[in-house]
Structure formats: C-alpha cells, structure tokens
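Keep in mind that this is a model prediction, so the values were computed, not measured. First the proteins, then the strands, lettered A, B, ... as listed; each starts at 1.
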Amino acid sequence: MMRVRFAPSPTGYLHVGGARTALYNWLLARKLKGTFILRIEDTDELRSSDDSVRQIFDSLRWLGLDWDEGPLDGGEGASGRGGEKKRWASKGNFGPYFQMERQEIYRKYSQELLTKGALYECFCTEEELQAHRDQALLAKRAPRYSKLCRRLSEKEKESFRAQGRAPTLRFAVPEEGQTVFDDSIRDRVSFSNLELEDFIVVKSSGGPTYNFACVVDDHLMEITHVIRGEDHISNTPKQILIFQAIGWPAPQYAHLSILLGPDGSRLSKRHGATSILEFKDQGYLSQAVVNYLALLGWATQDSQDLFAHEELIAKFELERCQKNPAAFDYAKLQWMNGIYIRKLTKSQLLAAVRPFLGPVPANLEPILEEIVALEQEKYRTFAEARDLLGFFFNDNFDYRWEDIEGLMAKSLNLKTRADLDRVLAELAKRLGGLADFSVAGVEVSLRALAKDFGWKNTEVFHPLRFAVSGKLQGPSLFHMIALLGRDWTLGRVARLAGLKNSLAGAPIQE
RNA sequence: GGCCCCAUCGUCUAGUGGCCUAGGACGCUGCCCUCUCAAGGCAGAGAUCACGGGUUCGAAUCCCGUUGGGGCCA
C-alpha cells in the first residue's frame, strides 16, 4: 500500500512549486489507491504561522488535493489531551501531524541513537565553528566540520558541561564508502561519505533538525515514497544514513526538478503570480492550474496536453517525469484556462465570473447569466470580465472615438459625423418599430437597413455596436441587442446621437 | 569554493541505436470563416538535438571530456 506525503513548512503561502509537488504526490496516491498525507513541518518557530497553515489548507482545497491523513481542515481550535492547547484536530492514526507536537518522539529516538554511538555531543560554539569555517575558506578548503568533538573523553565533556555549554548532537558519518539511492526519476545517485560532514541532528536547544524530524516522521508515518523537490537531493544521503543507523528501511525517493520563471531564473514574485491563491484571485480555474502544473515536468508518450481529471490520475507516471527544470509559461496557462472556461456551463460560468464583475444594476440580474455567456469564448482569465463586459453595467461609459474615427477613415459611405447621425437616426427608427426583437429579427432588420442604404453591412453594424458599447469590438451584435432589449438599445443610440461634435479627427459636416 | 543534478524549436515537451530530411502543444505569422474581437479550420516560420571526442555499418538516443545552467552546503 503506497503512502505518500506532502510536508510543507508553514512559513508563507503555498507557491506553484510546492503545489506541483503536492499534486504529483496526490496524483500517485489516487492512481494507486494509496494514502496522501499532509504533514506540517513547523519546527521553525520564528517563521511559522497559523496564517500560513490556513493558506496551505485553502490552496490545497482550491486545487482539489484532499488529504487522507493530517490536520483536519476546519478543525482549528481543537483542544488537546490534558488541557494543553492544540491548534488543530487531526485525522489519521499516525499523528500528530504537526512536527511541533512530536518533540518527545524525536527526543526518544535521538537518545536511542546517542546511546548506540551513532550520534555524539558537540560542544563547539557558534563562534568557534565560524572561525573554523573562515579558516577553511581562506585555505580554499571545503568548510566542513572538523569532527573536533567526535572523540572527546568523558572528562573533556564534563568540563564543557561545567562551563554551561549545551551540546548539539552530531551524526558520526562513516569515513569511507558511499551512500547511494535509486531515485525513481534520476536512477542512481551516489554521494561519497567523505564529502558528508558530521551534520547536526539535534540542535543545542534540544529540537531536531529538519533531516532528523523528517526521517523519524517518514518512518513512523509509514511513508513508502518520498516525492519532493530537487532542492532536497543533498539532504537525502544524510537521511538515509539516519535510517540505516536506527535500522529502519528507507523509503523510495523521487526528486522533482525545480520550477523556473519565464526567463530561466528561479521562479519568483517578479515573474507574476507564484502563490496558488493568487492564481485564484487572478481569475484562473483550478482545473486549468492543475492540468498545467501536471505538464510542468511530466508528459505522456504522445505529449497530450489536455486531460480530464480522471484521465490525469489514470495516466500520471512518476517515471515519466522530466529531470531538467521547467520554465513557467504564463501564456500557455492562460490558453489552457480559456479552454477550461469554454467548457463551463452558463451557470458555472456566471458563478466563476461573478466575483470579478463589480457592481451590476439590479435590472440586469435576471439576464446576467446570458450576458456573461456572450463572451464565454473570449476570457483567458476571469479578471478580463470587467473589460469585456463593463459597458453592460454602466450607462455612462466613455466612447473610444479613435476606434470609430479609424473605421470612418477607411470607410466608403460612413465618412462624416452627418453619415453617422443619419445611420443612427435610421437605426433608432427601425429598431424602435421592430415587432420581432429576437436575434433573428434584429439581424434581418439590420441587414435590410444596410441594403436599403446601399452601405456595407459593417458600415451599419459598427455604428450601432459603437453606440451600444463604446467600442468596435465586443460580443455578437445581434445577440447582445436582442438580449438587452429595445429600450436599452435605443437609449444608448440616443445618447451617442446626442453627443454632438464629439468626433475629433473625422471631418464633421453640420 | 566543494558536492550533487541537468542539457531537443523562444517556452512545455515526444523521442530509450535505424521509423527523425526530429513529432505535438503554447506563443508568433499568413489565409479561411465572419457584424467586430475572439473561438474554430488550414498553412507557415521556428531545433546544425549545448560543444568536442569516441563506440557502432548507423547516435538526439550509449561512453568520456568540455562548456553552460541549476540545487545544496557554506
């Protein structure tokens, strides 16, 4: 039975790199009917915050990455045994899932390792270590720990203790041989033990270091596969050494490549959105983000790029993950988002666009779903909704005169303000008297007008489009006119007709 | 600086010794459709497979080196 985990530090929002790691873990768990575990690595007390924990929950929930074990989403404020304050309730039998609540467990195993002789006490002070590092650097040697305290006598230790020095616990790394592991993505990776320094396992404060807590948790939570970012590759041999020292089997590792920004440097805020919640706020659909993220570093044999949810789960394979780093391409995400938006039903679309619309006049509420659907094929993100639809909700929008002037400059019949007024007057007259104000009815009427004038269709349609929206590009004209109705249409035609002398560049004949 | 990882169109990638005069997708350009913009359809430009050596009848694919990028430790 596969058990995988996602183990973020709650020191900020969940960024796309982390989300992609979570997704790959989740995908595999779902595909192989395994268990997806969420563990919060909050041992960095200074930088960890409950707010970050909530953000991680929100992000995972938005992406649809539900966890089978871990803190209970919404279980905030639960109280622990013995009256001590516990911030979150949890689900699963391997908890607690917050590392800060597992301190005694780490202590137990570090004591065991110390007794076994796998660990030793190091009394070096920060200053001494720093001085040593500087010296090594000066001599152009690798600044590794000197193993000074590795063979201290009991007497020497006693004297350090008498000085009040609190020791760190270091791992006694074998001085020969190699530590090797088979990575699911990169095949065999090996490190010479000589290159690994005697790393710290327990800090002088008594708290575990990342590598130690991680090993203890991964074992106790019965993690079978550790799928994480490439930035952890050099932690892996240390963790394996700890596993071996305690006598536990190490899990299978898979290291995902790192994500880069569009310019090839490490993805950061200056490239655009990096936090998952930001994508939500910018009008992306979680399905699109999931689909896109899945493709950043993974591909099927036929380079398929659109996946139904279940299909993604069925087809995902760790072994087909890319070894080289992937650059985040916002343009492709936007394209993909557009694809997913076009698949929505009208009511889904409205629900998704709604938060981006701003104030909507009450009288338009009943047809809002239809209005929003008019531009369904155009949104790349919902944030564009305001630009696309704003004129529907605001009777006093500004006209973009340069648009119609540009058209008139190229037009055969619509050349002057007088021409514009003439066609607007005729438009008002015919639409005002039109019995059938349906899409088809409007279309027939408008085409007839153009024919009667001897004008090109565009020369009639565009003035109307301009009157009604202030722009020359927008939704299908007949559909929007029919939908919004006669009064709305005539009111806007009248408004434009009333704006005298507003045509700056084009020749005006009074 | 040390160790580790990586290297195919601008980007994501397919490719695991002959099917590759390197395929798909985004983006870009043009055409068609058309009331505009999109969407859609079609076409096109775009990669001496980082470079140099090998191995082999034959290499993007295997080996070695170089260069470049990245990660971790400082």
For atom CZ of Arg320(A) and atom C1' of C12(B), their distance in whole Å
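So the two atoms are 14 Å apart, to the nearest Å.
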
Can you check the distance between [N] and [M], where both ends of the measurement are the [atom1] atom (answer in whole Å)?
N: G46(B); M: U55(B); atom1: C1'; answer: 33 Å
N: U61(B); M: C9(B); atom1: P; answer: 14 Å
N: G68(B); M: C51(B); atom1: P; answer: 15 Å
N: A47(B); M: A25(B); atom1: C1'; answer: 16 Å

Where along residues 231-238 of chain A does a heavy atom fall under 4.0 Å from RNA chain B?
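Per residue number, the list reads Asp231(A), Ile233(A), Ser234(A).
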
Quick check for you: among [options], whose closest atom lies nearest to any side-chain atom of [X]?
X: Trp335(A); options: G70(B), A14(B), A25(B); answer: A25(B)
X: Ala327(A); options: C5(B), A38(B), C12(B); answer: C12(B)
X: His462(A); options: C35(B), U11(B), C12(B); answer: C35(B)
X: Leu296(A); options: U8(B), G71(B), C12(B); answer: C12(B)
X: Phe191(A); options: A7(B), C3(B), G23(B); answer: C3(B)

Would you call Asp395(A) and Arg495(A) a salt bridge, taking side-chain N to carboxylate O under 4.0 Å as the test?
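Salt bridge flag = no for Arg495(A) with Asp395(A).
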
Short side-chain N/O contact to [N] OP1/OP2 from [X], under 4.0 Å:
X: Asn324(A); N: U8(B); answer: yes
X: Arg342(A); N: G40(B); answer: yes
X: Gln322(A); N: A14(B); answer: yes

Across all strands shown, which nucleotide pairs with C42(B) by Watson-Crick or G-U wobble geometry, both distances under 3.5 Å?
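Looking at the geometry, C42(B) pairs with G30(B).
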
A50(B) - base-pair partner by Watson-Crick or wobble geometry, distances under 3.5 Å:
U66(B)

Would you list the atom pairs, donor with acceptor, under 3.5 Å between side chains in residues 368-377 of chain A and any protein atom, with sequence neighbours excluded?
{"from": "Glu370(A)", "atom 1": "OE1", "to": "Lys346(A)", "atom 2": "NZ", "distance (Å)": "3.1"}
{"from": "Glu370(A)", "atom 1": "OE2", "to": "Lys346(A)", "atom 2": "NZ", "distance (Å)": "3.4"}
{"from": "Glu375(A)", "atom 1": "OE1", "to": "Lys378(A)", "atom 2": "NZ", "distance (Å)": "2.9"}
{"from": "Glu375(A)", "atom 1": "OE2", "to": "Lys378(A)", "atom 2": "NZ", "distance (Å)": "3.4"}
{"from": "Gln376(A)", "atom 1": "NE2", "to": "Ile341(A)", "atom 2": "O", "distance (Å)": "2.9"}
{"from": "Gln376(A)", "atom 1": "NE2", "to": "Leu344(A)", "atom 2": "O", "distance (Å)": "2.9"}

Would the base of G23(B) count as contacting Ser303(A) through its side chain, where contact means a donor and an acceptor less than 3.5 Å apart?
yes

Give one of base, sugar-phosphate or nothing for Ser190(A), where a contact means two heavy atoms less than 4.0 Å apart.
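Answer is sugar-phosphate: Ser190(A) comes under 4.0 Å of backbone atoms only.
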
